[in-house]
Amino acid sequence: MRLSAVFGLFLVNYCSGALMINITNLSVHYRESLALDKVSVFIEEGELIAVVGPNGAGKSTLLKSIMQQLKLSTGCIDLGHRCLKDIAYLPQSHQIDRQFPITVREFVSAGSWQRISFWRAFGCTEQRLLQEALQKVNLIGVDDRQISTLSGGQFQRMLFARMLMQDADILLLDEPFNAIDAQTTEDLMTVIHDCQRKGKTILAVIHDLALVRRFFPNVMLIATQLIASGTTETVMTGENLAKAGYQYLSSEMQPLNTECSVNSLSPTELPFYGRNIS
Ligand SMILES: Nc1ncnc2c1ncn2[C@@H]1O[C@H](COP(=O)(O)OP(=O)(O)OP(=O)(O)O)[C@@H](O)[C@H]1O
């Protein structure tokens, strides 16, 4: 009986494809300092989730933990039948050496390193995928340039092109829109939505709450602990944001659970929250 229940669970998790990442009781310390505290969350295949929380909430720590870059203090992260090579991870762009002597084309091509080998060189298929990736992020024409010559927006587009080349099932994006212009953000959001339509599971750390409300169907709100997770509408309430340590800054800016509709606001009118440091 017990065995069949376990087998049933296996079937649900592995055959339906519902399970993508199961995080159970995850705690992470940096020396004595607690960065994540008993976080448990179940991420389903094909979900598009914004990871939201104030500075120091543990968002990057969560992504790094999934990437097995950190030692877990407690808990575990189950990727089902997938493994690290099924994940494309975009760290914060300041963590990438922009002075490294490499062209855009070479950098993006490196996304396919797991598929090519001594026996399988960078052939016609990879060339086609490379062209498609560059086209999708609108970088045709700059592909022969050194990466050090790119603008901030072009650099971020290039990181996305590399991620497309990797063609992984799970995408972890750490602040992909940090300090880039509105047009690039819109273009790259289109790329993200395309990826989701293809069934990829996507977690993106996003600071701009207006952007989250416009583009992300699901949210994981963390402040060392998990405050809430679920649909954007149910998670992004004033109460939850206050619990996470966000402070309400302006009287005309309303949280989601009031009559103020995000769709009816222009970008300049959209709510902005800052960290409550009192
Ligand atoms: N290498 C490290 N050594 C010590 N403490 C660290 C280290 N990396 C992160 N921390 C601390 O762990 C906590 C969580 O950091 P993390 O970078 O995960 O937060 P975050 O939510 O991504 O923050 P931000 O929005 O500011 O990027 C913070 O208090 C941070 O100072």
Side-chain angles (χ1 to χ4, degrees), residues 21 23-41 43 47-77 79 84 87-98 152 155-156 159-160 163 170-180 184-185 188-189 192 201-216 218-230 232 235-236 240-249 255 270-278:
I21 307 172
I23 298 173
T24 314
N25 201 34
L26 172 67
S27 297
V28 178
H29 286 82
Y30 293 100
R31 295 183 184 273
E32 278 78 48
S33 156
L34 181 64
L36 282 175
D37 185 17
K38 301 190 194 84
V39 170
S40 292
V41 72
I43 297 162
E47 281 195 296
L48 171 57
I49 302 174
V51 181
V52 172
N55 291 137
K59 304 179 295 294
S60 299
T61 301
L62 179 74
L63 299 198
K64 287 176 186 169
S65 301
I66 296 171
M67 288 306 294
Q68 299 176 13
Q69 291 181 356
L70 298 172
K71 185 171 175 289
L72 313 186
S73 308
T74 67
C76 62
I77 299 172
L79 297 177
L84 274 188
I87 305 179
Y89 171 53
L90 240 75
Q92 292 182 17
S93 54
H94 68 80
Q95 292 179 272
I96 300 166
D97 180 6
R98 296 183 62 161
F155 193 82
Q156 204 59 24
L159 295 183
F160 269 65
M163 179 185 81
I170 302 171
L171 314 181
L172 304 180
L173 317 175
D174 201 345
E175 298 191 26
F177 307 125
N178 199 16
I180 59 170
T184 304
T185 300
L188 297 181
M189 261 327 298
I192 289 178
T201 307
I202 306 160
L203 265 78
V205 173
I206 306 286
H207 273 292
D208 182 343
L209 301 190
L211 196 80
V212 171
R213 288 168 175 171
R214 260 185 83 194
F215 291 118
F216 288 81
N218 294 296
V219 172
M220 187 187 302
L221 178 62
I222 55 175
T224 310
Q225 298 178 335
L226 181 72
I227 303 298
S229 74
T232 304
V235 172
M236 298 279 279
N240 282 339
L241 290 167
K243 241 191 251 175
Y246 284 98
Q247 189 177 25
Y248 205 41
L249 288 184
L270 286 164
F272 174 80
Y273 293 85
R275 179 82 200 261
N276 183 358
I277 50 171
S278 59

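Computed from a predicted model, the values in this text were never measured in an experiment. Note that ligands are numbered from 1 as they come in the structure, with each ligand's atoms numbered from 1 the same way. Heavy atoms only: backbone and side chains are in, while hydrogens, waters and symmetry mates are out.
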Exercise for the section: For ligand 1, indicate whether the residue Pro54 contacts it via side chain, backbone, both or neither (heavy-atom separation under 4.0 Å). Expected result: backbone
Practice task
Among all protein heavy atoms, pick the one closest to atom 17 (O) of ligand 1 and tell me residue, atom and distance.
Solution key: Ser60 CB, 3.7 Å
Problem - Test item, Gly58 contacting ligand 1 (heavy atom, 4.0 angstrom) - result: yes
Practice task
Below 4.0 angstrom from a heavy atom of Glu175, which ligand 1 atoms are there? Numbered from 1 as shown, please.
Solution key: 25 (O), 27 (O)
Problem - From Met67 atom CE to Ile170 atom CD1, the distance as rounded to the nearest 0.5 Å - result: 9.5 Å
Problem - Which segment of His207 sits under 4.0 Å of ligand 1 when only heavy atoms are counted - result: side chain
Practice task
Show the numbers, then the answer: is there a side-chain contact (heavy atoms from CB on, under 4.5 Å) between Tyr30 and Leu70?
Solution key: CA-CA 9 Å; Tyr30 293 100; Leu70 298 172; 3.5 Å; yes
Practice task
Report yes or no: does Ser40 contribute a side-chain atom to a donor-acceptor pair with the main-chain N or O of Asn25 at less than 3.5 Å?
Solution key: yes
Fill in the blank from the handout: A student checking ligand 1 against Gln92 at a 4.0 Å heavy-atom cut-off should list atoms 27 (O)
Problem - Asp37 side chain vs Thr224 backbone, donor-acceptor pair below 3.5 Å - result: no
Problem - Gln92 side chain to Ser60 side chain, donor-acceptor N/O pair below 3.5 angstrom - result: yes
Handout entry: Flag: protein heavy atom within less than 4.0 Å of atom 24 (P) of ligand 1
Key = yes
Practice task
Check whether any N or O atom of Gly56, backbone or side chain, sits under 3.5 Å from an N or O atom of ligand 1, and answer yes or no.
Solution key: yes
Exercise for the section: Distance to 0.1 Å, residue and atom name: give those for the protein heavy atom nearest to atom 4 (C) of ligand 1. Expected result: Tyr30 CB, 3.3 Å
Practice task
Without swapping roles, check the side chain of Thr232 against the backbone of Val212 for a donor-acceptor pair under 3.5 Å.
Solution key: no
Problem - Side chain Gln156, main chain Pro176, donor-acceptor under 3.5 Å - result: yes
Exercise for the section: Look up atom CG in Leu26 and atom OG in Ser65, then write down how far apart they are to the nearest 0.5 Å. Expected result: 5.0 Å
Exercise for the section: Examine distances only and state if a side-chain atom of Ser73 and a backbone atom of His29 form a donor-acceptor pair shorter than 3.5 Å. Expected result: yes
Handout entry: Mode of Lys64 contact toward ligand 1 - side chain, backbone, both, neither (heavy atoms, under 4.0 Å)
Key = neither
Problem - Closest to atom 26 (O) of ligand 1 among Asn55, Ile222, Leu36 (heavy-atom distance) - result: Asn55
Handout entry: Check against side-chain contact (heavy atoms from CB on, under 4.5 Å), Ile180 and Phe155
Key = CA-CA 10 Å; Ile180 59 170; Phe155 193 82; over 6 Å; no
Practice task
Could you say whether the N/O atoms of Ala35 and ligand 1 ever approach to under 3.5 Å?
Solution key: no
Problem - Geometric N/O contact Lys59 with ligand 1, under 3.5 angstrom - result: yes
Exercise for the section: Determine, counting only non-hydrogen atoms of the protein, whether one lies under 4.0 angstrom from atom 13 (C) of ligand 1. Expected result: yes
Handout entry: Those atoms of ligand 1 less than 4.0 Å from some heavy atom in Thr61
Key = 14 (C), 15 (O), 16 (P), 18 (O)
Practice task
Give the atoms of ligand 1, by number and element, whose distance to some non-hydrogen atom of Ala57 is under 4.0 Å.
Solution key: 19 (O), 20 (P), 21 (O)
